*Asks:* 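Quick one: structure below, then a few questions.
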There are 2 protein chains.
Amino acid sequence: MRNNISVLKKYIASQAISKCASCSLRELCLPVGLDAHETEILSDLIEHKCKIGRGEYLLRAGMRFKSLYAVRNGFFKSYILDSEGRQQVTGFYMTGELLGLDAISAEIHTCETVALEDSEVCEVPFERLEEISCSIPLLMHQFHKIMSREIVQDHRVMVLLGNMKAEERIAAFLLNLSDRFEKRGYSATSFVLRMTREEIGSYLGLKLETVSRSFSKLQDEGMITINNKHVELHDIHRLTRKISGY
Amino acid sequence: MRNNISVLKKYIASQAISKCASCSLRELCLPVGLDAHETEILSDLIEHKCKIGRGEYLLRAGMRFKSLYAVRNGFFKSYILDSEGRQQVTGFYMTGELLGLDAISAEIHTCETVALEDSEVCEVPFERLEEISCSIPLLMHQFHKIMSREIVQDHRVMVLLGNMKAEERIAAFLLNLSDRFEKRGYSATSFVLRMTREEIGSYLGLKLETVSRSFSKLQDEGMITINNKHVELHDIHRLTRKISGY
DNA sequence: CGCTCGGTTGACCCGTTTCAAGTAACGTGG
DNA sequence: CCACGTTACTTGAAACGGGTCAACCGAGCG
């Protein structure tokens, strides 16, 4: 009896914490601006907490599109595979960010998406999201903002790839991560890179050796310390100046 | 009297042809899949036919976001201006394509958008578009597809900027234009470039001299003829092979 | 008609890639 | 828990592609 109650309690607790209403990411994710009732409706259609182990694929290119996925915790990369098997990383995704937006247009996923650490996602069935956003204008609007933000972010990468030198790209990359960590309540100046030099290079249009050299250069100049995957930003101002002009 | 009637007739005619229902771009633009009644509702909120002369700006970075714009005819470029005044072209837009999607997220336009030839656009007030798409699910869905398509297109540019060599970029660029012209009923193999070499270079992450050299090279290899702004594609297959692998 | 702007081409230079060697961290199985 | 093999990372030297600088040409426009 005792035991049963404790199991039940645990079950209720796990349900509770997985709801949007009590999710720490509310303010970064789809429910921004929704009231309690609306949040509940949204929450009900979402499959909360799918676990994805490190190295596991959440999405494969060619998969039929059914759902978007919100990162609940963890870290993902998305990439496009060319016919010779090379990767072009199209983005890194952290807590509160929405995966799979590229697939809406053709109803087929175009990116491979893999967890770079043990992660959890919330599955958002897209058809149902569209249905309920008819009756929750704020949700629809928030969704549009999220899609638009993805476009803005992609434009930033285009500027980076089109105009910046290697060191500038790395500086921009670190500052972008720093920003996003800070928004999520983590340190803006000290964090761990979840991806390899090769993955960074693929994202930034550089070879891994160039990434490594650029890190070393920024370290020599005293702006950062880099120790394997651990980064410390010592002089955000100077890093920013390095890319100012873009 | 005679005169008045003729003026009236002209007015009615101009109204009629400017409606979505009779627009030749229906199948490329927002009304895809809508029935007559729905098309009418959409059409009513759109300000049809704003003329933008060559060299005039449709949007400026920093402008408050109010509307999206569908290109009715003509040709536009969008670009981001860095603090030193350099341009990074983020896209070229032709008939039926939707401008201003980047501005939804921050409610501020981030791109400068200028007509490269005398053009006309339809203004789509965004708040009202969101309102009516609550009652026209197909319209909402079509809008989501258009945004998603923009993301996919940006990803393609990222691959191009991240991995391809100069000549490959030019080949990819020409094939992309060819495709889009063909979809609009124009020749896939013979068309006029509306933009300068410098603008092409900015879009493709190359200097104008490199663009020029790459055109010459492709011409020497017999794949294209290029005469000022006029291009002929002689061997689409070979051009495609040049970029296959991406 | 002449000026300006856009485009082409050549020569040289610089930054990134490529190739190569060596080292450090990590995960696995004994 | 250690030894091993594997993978990730760093650094150097040489090669190469695209950038830069410069001269010239041609088309379009006032």
Side-chain angles (χ1 to χ4, degrees), chain A residues 53-56 75 77 84 86-89 114 116-118 160-174 192-221 224-231 242-243 245, chain B residues 53-55 77 84 86-89 114 116-118 160-174 192-221 224-231 242-243 245:
Chain A
R54 177 181 172 181
E56 279 175 35
F75 204 90
K77 78 164 170 182
E84 257 116 71
R86 278 166 307 203
Q87 300 181 8
Q88 164 73 33
V89 172
V114 59
L116 296 183
E117 59 181 17
D118 289 348
L160 180 150
L161 292 171
N163 294 322
M164 295 193 196
K165 295 216 192 307
E167 264 177 69
E168 297 166 341
R169 295 183 196 195
I170 294 289
F173 175 70
L174 291 174
V192 173
L193 300 172
R194 262 63 190 232
M195 67 296 279
T196 67
R197 303 288 189 264
E198 186 166 18
E199 287 161 342
I200 297 172
S202 169
Y203 185 54
L204 300 179
L206 302 168
K207 294 292 151 186
L208 69 96
E209 294 93 330
T210 310
V211 173
S212 182
R213 275 186 253 271
S214 302
F215 276 142
S216 301
K217 187 90 184 299
L218 290 177
Q219 184 163 238
D220 292 347
E221 292 170 358
I224 68 170
T225 303
I226 183 145
N227 207 312
N228 276 308
K229 306 240 170 187
H230 186 96
V231 192
K242 199 149 200 120
I243 61 165
Chain B
R54 177 181 171 182
K77 77 165 171 181
E84 258 116 72
R86 277 166 307 204
Q87 300 182 8
Q88 165 73 32
V89 173
V114 60
L116 297 183
E117 59 180 17
D118 290 347
L160 181 150
L161 292 171
N163 294 323
M164 294 193 197
K165 296 218 193 307
E167 262 177 73
E168 295 166 342
R169 294 183 198 196
I170 294 289
F173 175 70
L174 291 174
V192 173
L193 300 172
R194 264 64 191 231
M195 67 297 277
T196 66
R197 305 288 189 262
E198 186 166 20
E199 288 161 341
I200 297 172
S202 169
Y203 185 55
L204 301 180
L206 301 169
K207 293 294 151 184
L208 69 95
E209 294 94 329
T210 309
V211 173
S212 182
R213 274 187 253 271
S214 302
F215 276 141
S216 301
K217 188 87 185 302
L218 290 176
Q219 184 163 237
D220 292 347
E221 293 170 356
I224 67 171
T225 303
I226 184 147
N227 208 311
N228 277 307
K229 305 242 171 186
H230 187 95
V231 193
K242 198 149 202 122
I243 61 167

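Chain letters run A, B, ... following the sequence lines, proteins first and then strands; every chain starts at 1. Only a predicted model underlies this, so the values are computations on that prediction, with no experimental measurement involved. No hydrogens, no waters, no symmetry mates; every other heavy atom, side chains included, goes into these values.
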*Asks:* Write down the distance between CG (A:Leu208) and C1' (C:dC19), rounded to a whole number of angstrom.
*Replies:* 12 Å
*Asks:* Once you round to the nearest 0.5 Å, how far does CG of A:Leu208 lie from OG1 of A:Thr196?
*Replies:*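 Here the rounded value is 7.5 Å.
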*Asks:* Looking at B:Lys77, B:Arg194, B:Arg54, B:Lys229, which one forms a salt bridge (charged side-chain N to carboxylate O under 4.0 Å, His left out) with B:Glu117?
*Replies:*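 When B:Lys77, B:Arg194, B:Arg54, B:Lys229 are each tested with B:Glu117, the salt bridge (charged side-chain N to carboxylate O under 4.0 Å, His left out) holds only for B:Arg194.
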*Asks:* Is A:Glu198 atom CD crowded by more than 12 heavy atoms from other residues, nucleotides or ligands, each under 6.0 Å away?
*Replies:* no
*Asks:* What is the separation between atom CZ on A:Phe215 and atom C1' on D:dA8, rounded to the nearest whole Å?
*Replies:* 13 Å
*Asks:* Where do B:Val89 and B:Ser202 come nearest, in terms of heavy atoms and distance?
*Replies:* N-OG, 2.8 Å
*Asks:* Tabulate atom names and distances for all N/O pairs under 3.5 angstrom spanning the protein and nucleotides 2-4 of chain D.
*Replies:*
none

*Asks:* Between the side chains of A:Glu221 and A:Lys217, is the shortest nitrogen-to-carboxylate-oxygen separation below 4.0 Å, so that they form an ion pair?
*Replies:* yes
*Asks:* Which angle, rounded to 10°, do you find between the first-five-pair axis and the last-five-pair axis of the helix from C:dC1-D:dG30 to C:dG30-D:dC1?
*Replies:* 50°
*Asks:* Would you kindly give the CD-to-P distance between A:Glu198 and C:dT17, to the nearest whole Å?
*Replies:* 13 Å
*Asks:* Taking CD from B:Glu199 and P from C:dC5, how many angstroms apart are they, rounded to a whole number?
*Replies:*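 Nearest whole value for this atom pair: 15 Å.
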*Asks:* So how far is it from A:Ser212 OG to A:Leu206 CG, rounded to the nearest 0.5 Å?
*Replies:* 11.5 Å
*Asks:* Would you compute the distance between atom CD1 of A:Ile243 and atom CZ of A:Phe173 and round it to the nearest 0.5 angstrom?
*Replies:*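 The distance works out to 13.0 Å.
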*Asks:* Which pair of non-hydrogen atoms, one from B:Gln88 and one from A:Gly162, has the smallest distance, and what is that distance?
*Replies:*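 So the two residues come closest at OE1-CA, 3.9 Å.
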*Asks:* Can you check the A:Arg194 CZ to C:dA25 P distance for me, whole Å?
*Replies:* 19 Å
*Asks:* Provide, to the nearest angstrom, the distance between the CD1 atom belonging to A:Ile170 and the C1' atom belonging to C:dG15.
*Replies:* 14 Å
*Asks:* Check whether any side-chain N or O of B:Arg197 sits under 4.0 Å from OP1 or OP2 of C:dG7, and answer yes or no.
*Replies:*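 Looking at the OP1 and OP2 atoms of C:dG7, one of them is under 4.0 Å from a side-chain N or O of B:Arg197.
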*Asks:* What is the distance from NE2 of A:His230 to P of D:dC9, rounded to the nearest Å?
*Replies:* 15 Å
*Asks:* Can you tell me how far CZ of A:Phe215 sits from CD1 of A:Ile200, rounded to the nearest 0.5 angstrom?
*Replies:* 4.0 Å
*Asks:* Could you report the tightest heavy-atom contact between A:Thr210 and A:Ala166, atom names first, then the distance?
*Replies:* CG2-CB, 3.7 Å
*Asks:* At 4.0 Å (heavy atoms only), tell me whether B:Lys217 reaches a base, stays on the sugar-phosphate, or touches nothing.
*Replies:*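 Contact class for B:Lys217: none.
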*Asks:* I need a per-nucleotide contact map over nucleotides 13-28 of chain D, read 5' to 3'. Cutoff is protein heavy atoms under 4.0 Å; write B for the base, S for backbone only, - otherwise.
*Replies:* B----SSBB-----S-
*Asks:* Going by heavy atoms in the side chains, are A:Ile226 and A:Leu218 under 4.5 Å from each other?
*Replies:*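 No; the side chains remain at least 4.5 Å from each other.
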*Asks:* Rounded to whole Å, please give me the gap between CZ in A:Arg86 and P in C:dT17.
*Replies:*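 A:Arg86 atom CZ is separated from C:dT17 atom P by 14 Å.
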